[in-house]
Every structure is written in structure tokens, then in C-alpha cells.
Asks: 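Take a look at this one; I'll ask things after.
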Amino acid sequence: MSGYLLNRLGQALFVLWAAFTISFVLLQAMPGDAILIKFQNPELGLTPQQIAEIRASYAADSAVWVQYIQTINRFLTGDFGYSVQAGVPVGTILAAHLPATLKLASLGFLLAATFAVVIAFVASLTPFAWLRGAIQSVPSLFISIPTFWIGIMLIQIFSFRLKLVPVINPGPWQELILPVITLAIPISAPLAQVLVRNIDDVLTRPFVAVARAKGATRHWVLWRHVAKNALLPTLTIAGVLFGELIAGAVVTETVFGLNGIGGLTGRAVGSQDAAVLQAIVVFSALAFVVINLIVDLLFPVLDPRLRTKAGATA
Amino acid sequence: MTTFDTIHDDAIASARGQRAGKRFSLPLSFRRLPVGLILSSLVLAVAFLWALAPWLFTSYNPLEGVGGEQLRRPDASHLLGTDALGRDLYARIVYGAVHSLTGAFVAVALGLVVGTSIGVIAGSVRRRVDDAIMRLVDVLLSIPSLMLSLSIIILLGFGTVNAAIAVGVTSVARFARLSRSEVVRVRRSDYVEAAFGSGGTFAAVLWRHVLPNSLTSVLAIAALQFGSAVLQISTLGFLGYGAPPPTPEWGLLIAEGRNYISTAWWLTTAPGIIVVLVVLSANRVSQSFGKVAA
């Protein structure tokens, strides 16, 4: 078990390092650099010499590999660089924007899970084939709608037509209603899809037949025997869902003008602020790796059948 | 990899699963063509015609507005109304098709060519190179695809082609994984052994036997990827990283309509519905394509 754990940790660290390197290569190799964009503006009236001094203070002209070593050292000590555009350390910016995104993402994920469970169980419980087919096709519809458009349509319908949710000066929770729904819709789709397939799969197992033969009702079997077995494998798509949550947050926060990591990402791209974007990329890779690590280590704990052969899940 | 892919992997997987049972599924699938498939093909056909010959579908200029016709509601003369500059929205959507669709084509082609090459090399060389390449693919998959796109956009700058490249790169890892597993599967088969046994060189066997036999499911995924690419490109367009205004790219149309959301609902509603229809149709058609190909 400990060998497996070490191996898995090593893998995670490798992926993290490689993700850092890729993002460094992508973002430091960029032609237009943020320092020039900000300080070459003629209105600032800086002489070329002053610009050169500023560049030297950011170490922008040293060799790429020196910058690489310096950057990786800084990241390891928790210093994520300096945003040239905003003029503050990247760490401070991230910390300021994180709470809004965490709130949006966790609420969005909870609502998505609710949507998915409702879709999956209603689809399995409904006695009519046509209704079942209709409900089961909902996820593939959800996944075909651009997330930003969902947000705009929700604003249009609920804020401007029905005037249910105020657009101007909403309360701290009111302003989250529409963004959370917007985020939840695309994320519920893969969850529902996996759940529907798992439930179908579990329903054909012998223990379901045994339970039914003992006289248990359909609902009881679904709740007592199927739910547990069908919910567990959804953990395997946790990493994919996280990626979708990030993408959803960028779009949703841009549409609703929320001040979180997503909106920050959008602005960083617009102003070519590579330092901020690299920190965000590295952090999302870190979160992805940690989530997958937790899922892999949690599986044997949650599923007694795997406990004896934990190494086999690697 | 996006959730879009996860969902549609199932379609491919189930199509592949069915192959084992029904060997002659082709005539059956032709006998009862579902209505949904016909409608989807029709939608796609219209969208492609818009891209190829937009002037056949509308007489309005998509870039120059008519004075005094600003923000007209949809009616007989302007099917989908007009925008704030008096430009016909329907004309803008028709002329925008070429941007959205070629963008998606470039993205899919890039992912297909680069990803498949990487996968085929990894799958046929094996050992160290294989390990190294597949590790790299794992790393690419660990960066959320939108983050990867945005990094590439920062690197290349804004624009239609750059947005297409950024979307294409996100699918490279996926194509590489799939084509590698297919190549490994085909390499184990008897006819490849036989080809090597009868004196075929590595390159010749790869080209004549391994590649053609591993490509079917890769092409099916490419077809599915198309819908996803349309979606991602419209997202980048909406965020303002794609084609610059006044290009009538679909994502950008929605972004521009946002400013008139309280007064002119059609400006955001209509282009969005078009994107949804095209993506849904592309998925529906490519799923059946996957079934026939598999």
C-alpha cells in the first residue's frame, strides 16, 4: 500500500512539474511582453533607458533558463511573481479573487449534482418509454448549449422579462442565483450521463434480481441497492468535471461580471498578463492532480471490494 | 479533454460494442432512417451552404447597416431583425457561418493530424518513446482545456486562425491517446504479424496495414469533435479573443447583442439558437457516422 502511495505521489509531482514547464514555455515565449505593453505607452514619457531599467528590475532580459530556474524557485517558496499590469504580487490578487470563485463553484457543483441525480433517477423510475427517452436526451442537449448563452438567456428571461431577479444592486446571495444555475447546467450533463449508465448497469446485476425476488419494491431496490453502487463510479470523472468547472467559471464570471478567478483569467488574457495566467494554470493543474489523487486513494476506502487489491486501481 | 468528449466517447464505445453483435448493421441503419438524423443533416447542409455561398441566402450586406433601420424587430423584411447599426441579423448569421465552420474545421484538422501522428508514433515505436510521449499526453490532459486555449491565445494573439489553433491543441492529447490504443490493438492482430513475416518493412506495414485499420474510430471521434470545436470557438469569440469586430462570427454576435439585452432580445437569442442547432446536428450526424464506420 505505501509503495502504491509513493508511486502515485511521484506521478502527481511529475505531472505538476511538467504542467508548470509547459505553461512557462508557452507564456514566457510570447512575443508581445507585458512590460513593453504597459511602459512603452508614449503618454508615460519614459525614456528607453528608464524602460531598460524597469526591464532589468523584472529580470525580463536574462536568459530563458535562468528565468525558468528563478520562477520555479519562487513558486516553491510561495511567491508567484508580480503582475505587471496590476502592479501587485500575483499571490495577493489570487487570494483576493478566490473566495468568490469558491462560492460560485461549490454552489454550482451542488446544484449540478442535484440536477444529475434527479435526471438519472426520474429516467430510471418513469414507466413510459417515450418520457424516459426524452429525459435521457436532456444531458446531450445541455452539453450542446454554449455556457455563456445560457447565462445571457437566464438574465434576459428572469431579470428583464419576468423581473424575478434584480440586475441592479442585487443582494450578495441574489446575485449568485443565475450564475449558479448557468454553471450547473453544463456540469450536470456528464454527471447525469454517467449516472444513467451506471444505474442501467447495476440494475442488471444478480443482487438486484435477488432483492426483487425477496419482495422488495422497485423504489426500495433503487434506493437501497442501486443508488450506492451507481453513485460510486461517478467519482472517476471528478477530474474532468473540475476542468469543466474552471471553464464554466471563466465564462460565467465574465457574463455576470463577478469578481472571481474566472473574471481575472479573462482580464489577464486581454492584457497579456502572463504572470497571472501562469499562476492560474499551475494552480488549476495542482487542483486537478490533487483531486485525482484523492479520488484514487479514496476509492479503496469507499468500496470494500477494492480494499484487498488497492494497487490494482493505479 | 472536456465533458463534451466524455459524453460522446460513450456513443463511440457503444457503437463499437454493437459491431461485435451485428455484423450487417449497415443495411438495417439505412432501412429506417430516423427523423432526427434527416433533420440534423439538413441543418448542417444549410449551415455549410451559408458558409460556401452566403450571397444566395440574403441580399443584405452583413457589414454595412441601413440608416433609419436600427434595432428593428424581426418581421417580413428583416427575418431576424436588425442590430444597433441597422445591419440585418439574418445576413450577419449567414455570413458568419464561414468563420465559425472553417474555424472548427481547422481546429479538428490540427488535432487530428498532430494528435494521430503522435499516437501512431507512440503506438508503433513502443518502449521508452511510448512512455515518454504518453506521460506528456497525461500532462496535457491535466491542464483544463480552456486554460490551455487561453495560454495559446496569449502566445499567438487574438484572431480567427489563432482561436482555431488554440481549440485544436486542446484535442491533440485526446487524438493521441485514442490512435495509440488503436495502433497497439491493430499491431497485435494476425495480419500484421503475417505482413511482417512475409518480409514487409516497418514503414510499409505501418502505412499499408496499421494506419488504415486504426483510423476508423479516430475519424469517428474527429466527426464528434467538430461540434465541440464549434462550441469552443464561439466561446473564445464571445470572450473577444477570436475574430475582431465587425466580423459576424457567431460568438461575437452574441457578445455584441449583450449590450441590448433589455431592448432587443433577438440579437442574443437568434445566434445562440443557431449555434445550439448546429452543435446538436453535428453530434447527431457524427454519432450515426461513428456507428456506420465502426
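Letters A, B, ... are given to chains in the order of the sequence lines, protein chains preceding strands, and every chain is numbered from 1.
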Asks: Identify the heavy atoms of A:P146 and B:V276 that sit nearest to each other, and give their distance.
Replies: CD-CG2, 3.7 Å
Asks: Above 12 or not: heavy atoms from other molecules or residues under 6.0 Å from CZ of A:F75?
Replies: yes
Asks: Could you state the interatomic distance from CD (A:E244) to CG (B:L146), rounded to the nearest 0.5 Å?
Replies: 9.5 Å
Asks: With a 4.5 Å cut-off on side-chain heavy atoms, are B:M147 and A:V250 touching?
Replies: yes
Asks: As an exercise: rank B:T268, B:L150, B:I153, B:V278 by heavy-atom pairs under 4.5 Å with chain A and give me the winner.
Replies: B:T268
Asks: If you compare all heavy atoms of B:S142 against all heavy atoms of A:V15, which two are closest, and at what distance to 0.1 Å?
Replies: OG-CG1, 3.4 Å
Asks: Considering the options B:V169, B:L156, B:L155, which one meets the side-chain contact (heavy atoms from CB on, under 4.5 Å) requirement together with A:L26?
Replies: B:L155
Asks: Could you tell me which portion of B:L277 (side chain, backbone, both or neither) has an atom closer than 4.5 angstrom to a non-hydrogen atom of chain A?
Replies: neither
Asks: Drop me the distance from B:L231's CG to A:I143's CD1, to the nearest 0.5 angstrom.
Replies: 8.0 Å
Asks: Quick check on B:L239 against chain A: is it the side chain, the backbone, both or neither that has a heavy atom closer than 4.5 Å?
Replies: side chain
Asks: Under 4.5 Å, counting heavy-atom pairs only, tell me which of A:I280, A:V255, A:V282, A:I150 racks up the most with chain B.
Replies: A:V255
Asks: Any non-hydrogen side-chain atom of A:T147 less than 4.5 Å from a side-chain atom of B:T235?
Replies: no
Asks: Can you find a pair of side-chain heavy atoms, one from B:V275 and one from A:W149, that are under 4.5 Å apart?
Replies: no
Asks: When heavy-atom pairs shorter than 4.5 Å are enumerated against chain B, which of A:L191, A:L245, A:L16, A:V281 gives the highest number?
Replies: A:V281
Asks: Identify which part of A:A268 has an atom lying under 4.5 Å from any heavy atom of chain B, answering side chain, backbone, both or neither.
Replies: backbone
Asks: Roughly how far apart are A:F148 CZ and B:L236 CG, rounded to 0.5 Å?
Replies: 9.5 Å
Asks: What is the minimum heavy-atom distance between B:L280 and A:S144, and which atoms define it?
Replies: CD2-OG, 3.4 Å
Asks: What part of A:L277 lies closer than 4.5 angstrom to a heavy atom of chain B: side chain, backbone, both or neither?
Replies: side chain
Asks: Indicate yes or no: at least one non-hydrogen side-chain atom of B:F238 is less than 4.5 angstrom from one of A:I152.
Replies: yes
Asks: Does A:F14 offer a backbone N or O that forms a donor-acceptor pair with the side chain of B:R135 under 3.5 Å?
Replies: no
Asks: State, yes or no, whether a side-chain contact exists between A:S140 and B:N283 at a heavy-atom distance under 4.5 Å.
Replies: no
Asks: Compare all side-chain heavy atoms of A:F288 with those of B:I143 and state whether any distance is below 4.5 angstrom.
Replies: no
Asks: Between A:T254 and chain B, which part of the residue has a heavy atom less than 4.5 Å away: side chain, backbone, both or neither?
Replies: both
Asks: Return the minimal non-hydrogen interatomic distance between B:P144 and A:G243, and the atom names on each side.
Replies: CB-CA, 4.0 Å
Asks: Can you tell me how far apart CD1 (B:I261) and CE (A:M153) are? Round to the nearest 0.5 Å.
Replies: 7.0 Å
Asks: Going through the distances and angles, do A:V269 and B:F158 end up as a side chain to side chain contact (heavy atoms under 4.5 Å, CB included)?
Replies: CA-CA 10 Å; A:V269 175; B:F158 302 165; 4.2 Å; yes
